[in-house]
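These figures come from a predicted structure and were not determined experimentally. The residues of the chain are indexed from 1 along the displayed sequence.
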Amino acid sequence: MKRCHLAYIACGAALVSAGVGAVPAAAAHQTLVVRPGESIQKAVDAARAGDTVLVLAGTYHESVLIGTNRITLRGVGARTVVRPAAVKTGKGANGCAKNGAGICVLGTKTRNVKGVTVADLTVTGFTRIGVFGMATDRMTVRHVRALDNGTWGIAQERSTGGVFRENVAERNGDAGIFLANTIKEEAGAYDAGRTLVEHNRLNGNRIGVTVRRLRNVNVVDNGIRGNCAGVFVVGDENTPKAGHLTVARNRVLENNKFCPKTPRLPVLQGSGIVLTGVERTRVTGNHVRGNAGKSPFSGGIVLFKSMVGATGENNRVDGNTLSANAPADLVNTDTGKGNSFTRNSCRASKPAGLC
């Protein structure tokens with residue numbers, strides 16, 4: 001591990017030549033460089049707020065736990081690979097490793113960790129999660145490849161203002177990207193503070209994107225293909241109700257992989273975009289094609305009364321282009337009030353008349 005100054009040096013030199021004076025050393029952020037065979041965690045532990053941990057190309061067998069504000073953990077692209085430790089986790093393992101996760105950004109019950117970025121690396125082969133954030137504010141995950149993890153590729157709980165941009169999540173056991181209030185207790189929807197999921201590629205997972213019991217999330221401009229289901233927006237009977245979300249301009253294609261039922265859901269296959277138990281969610285400008293199956297959730301864009309009986313209300317499905325979805329392009333089995341379907345380009349709906 002090597003510590004080196006960032007480009008503030010050049011800036012400082014320019015100021016001196018102009019007679020203004022140098023930037024104080026204490027103001028300069030640092031870069032800690034990690035080479036193959038060295039520990040990413042040691043570099044993270046040594047970093048201060050504003051520092052960057054730069055991980056060079058190579059394979060690193062460890063789990064990394066970040067709890068300091070404004071740390072950037074960055075690789076040099078796909079050739080920086082984080083995999084599980086070669087030996088079983090024991091007493092010396094951090095909480096991230098014990099949770100079967102690769103990279104964890106964790107705050108506490110009373111303090112969110114703020115402004116952390118994870119970027120430009122591959123996280124693969126973990127028993128549960130590739131990249132996980134809990135109690136975070138403005139966490140950014142970008143240019144990350146989350147591949148072949150047991151549950152979620154990239155996940156966030158009880159957090160605000162997250163940005164998930166230009167990632168690849170493939171062949172993860174559950175969702176490629178999973179966003180939720182909390183999975184350990186029954187609770188109303190959490191305001192996710194304009195969390196953004198955009199320009200990601202989500203292929204071959206159980207579900208491309210799951211947004212569960214949240215409000216104030218935008219899922220836009222993603223490519224979602226070959227999953228059992230493309231996008232799931234999920235609420236239930238708790239209050240406040242999930243919703244006030246946007247799902248826009250995504251390409252949701254041929255999500256026809258077969259996934260067996262679980263204790264929570266029936267068989268999944270052929271689901272494009274599903275809204276269940278949510279309110280005031282807008283689904284607009286999406287291209288939804290070739291999603292076909294015989295699951296209760298199958299179809300292009302589906303409104304479904306939740307598994308616990310909560311209805312969806314005042315949701316708006318408009319301006320989408322749909323084709324070759326089965327049993328129909330638009331499916332509404334919800335009994336909630338105020339849901340609308342307008343200006344969609346499609347051929348078949350259940351019930352008839354929604355196109």
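- Two residues are said to be in side-chain contact when any heavy atoms from C-beta on lie closer than 4.5 Å; Leu330 and Val317 meet this criterion.
- The OG atom of Ser349 sits 9.5 Å away from atom CG of Asn332, with the distance rounded to the nearest 0.5 Å.
- Asp174 and Trp152 share a side-chain donor-acceptor pair at under 3.5 Å.
- Side-chain atoms of Asn94 and Gln41 include a donor-acceptor pair closer than 3.5 Å.
- Residues passing the side-chain contact (heavy atoms from CB on, under 4.5 Å) test with Thr140 are Thr117, Arg142, Val163, sequence neighbours excluded.
- Ion pair Arg171/Asp148 flagged as a salt bridge, since at least one NZ, NE, NH1 or NH2 atom sits closer than 4.0 Å to an Asp/Glu carboxylate oxygen.
- Residues Tyr190 and Arg158 are in side-chain contact: their nearest non-hydrogen atoms beyond the backbone lie under 4.5 Å apart.
- Note on Val113: it clusters hydrophobically with Val44, by side-chain heavy-atom contacts below 4.5 Å among ILVMFWY residues.
- Residue Asn218 forms a side-chain contact (heavy atoms from CB on, under 4.5 Å) with just one option from Val211, Thr246, Leu245, and that option is Thr246.
- Expressed to the nearest 0.5 Å, how far CE of Met139 lies from CZ of Phe164 amounts to 4.0 Å.
- Test Leu275, Thr276, Asn315 against Val233 for side-chain contact (heavy atoms from CB on, under 4.5 Å) and you get one pass: Leu275.
- Contact annotation: the side chain of Asn69 never approaches that of Val116 to less than 4.5 Å [non-hydrogen atoms, C-beta and beyond].
- Electrostatic pairing of Lys241 and Glu279 does not count as a salt bridge here, judged by no charged N lying under 4.0 Å from a carboxylate O.
- At a threshold of 4.5 Å between non-hydrogen side-chain atoms, the residues Phe132 and Leu106 count as touching.
- Here the closest heavy-atom approach between residue Ala135 and residue Ser159 is recorded as N-OG, 3.3 Å.
- Put simply, CZ on Arg145 and OG1 on Thr80 are 11.5 Å apart, with the number rounded to the nearest 0.5 Å.
- Side-chain contact between Thr160 and Thr195: absent, with no pair of heavy atoms (C-beta onward) separated by less than 4.5 Å.
- The closest side-chain heavy-atom distance from Arg347 to Asp329 is below 4.5 Å.
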Decide yes or no on side chain to side chain contact (heavy atoms under 4.5 Å, CB included) for Phe341 and Asp318, but give the supporting numbers first.
-> CA-CA 6 Å; Phe341 297 80; Asp318 69 291; over 6 Å; no
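- A 4.5 Å side-chain heavy-atom check between Ile177 and Leu202 finds at least one atom pair inside the cut-off.
- Screening residues 230-249 for ring pair (Phe, Tyr, Trp, His ring centres under 6.0 Å) gives Phe232-Phe297 as the qualifying pairs, with residues at least two apart or on separate chains.
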Check step by step if salt bridge (Lys or Arg N to Asp or Glu O under 4.0 Å) holds for Asp221 and Arg249.
-> CA-CA 5 Å; Asp221 296 309; Arg249 302 186 305 277; 2.9 Å; yes
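- Using a 4.5 Å cut-off on side-chain heavy atoms (C-beta onward), Thr72 and Asp51 make no contact.
- A salt bridge between Asp334 and Lys305 is absent, with no side-chain N of the basic residue lying under 4.0 Å from a carboxylate O of the acidic one.
- Salt-bridge formation is not detected for the pair Lys337/Glu313: no Lys NZ or Arg NE/NH1/NH2 atom is positioned less than 4.0 Å from an Asp or Glu carboxylate oxygen.
- A distance of 11.0 Å separates CZ in Arg206 from OG1 in Thr151, rounded to the nearest 0.5 Å.
- Donor-acceptor pairing under 3.5 Å is recorded for the side chains of Asn238 and Asp236.
- Listed by first then second residue, pairs satisfying salt bridge (Lys or Arg N to Asp or Glu O under 4.0 Å) with a partner in residues 115-141 number zero, not counting sequence neighbours.
- Taking CZ of Arg225 as the start and CZ of Arg251 as the end, the distance is 8.0 Å to the nearest 0.5 Å.
- Counting Ile, Leu, Val, Met, Phe, Trp and Tyr side chains that sit under 4.5 Å apart, directly or through other members, Leu196 shares a hydrophobic cluster with Val220.
- With Asp191 contributing its side chain and Asn216 its backbone, the two residues share no donor-acceptor pair below 3.5 Å.
- Sorted pairs that involve residues 99-119 and meet salt bridge (Lys or Arg N to Asp or Glu O under 4.0 Å), not counting sequence neighbours, are lacking altogether.
- Under 4.0 Å is where a charged nitrogen must lie from a carboxylate oxygen, and between Glu62 and Lys42 no such pair does.
- No donor-acceptor contact under 3.5 angstrom links the side chains of Glu166 and His199, judged on distance only.
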Let me see the working for Thr321 and Val288 under side chain to side chain contact (heavy atoms under 4.5 Å, CB included), right down to the final yes or no.
-> CA-CA 6 Å; Thr321 302; Val288 185; over 6 Å; no
Output, in order, the C-alpha distance, side-chain angles, deciding distance and verdict of side chain to side chain contact (heavy atoms under 4.5 Å, CB included) for Thr52 and His29.
-> CA-CA 8 Å; Thr52 294; His29 298 156; over 6 Å; no
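- The line from CD1 of Ile103 to SG of Cys96 is 8.0 Å long, rounded to the nearest 0.5 Å.
- In this structure, Val267 belongs to a hydrophobic cluster whose other members, linked by side-chain heavy atoms under 4.5 Å apart, are Phe258.
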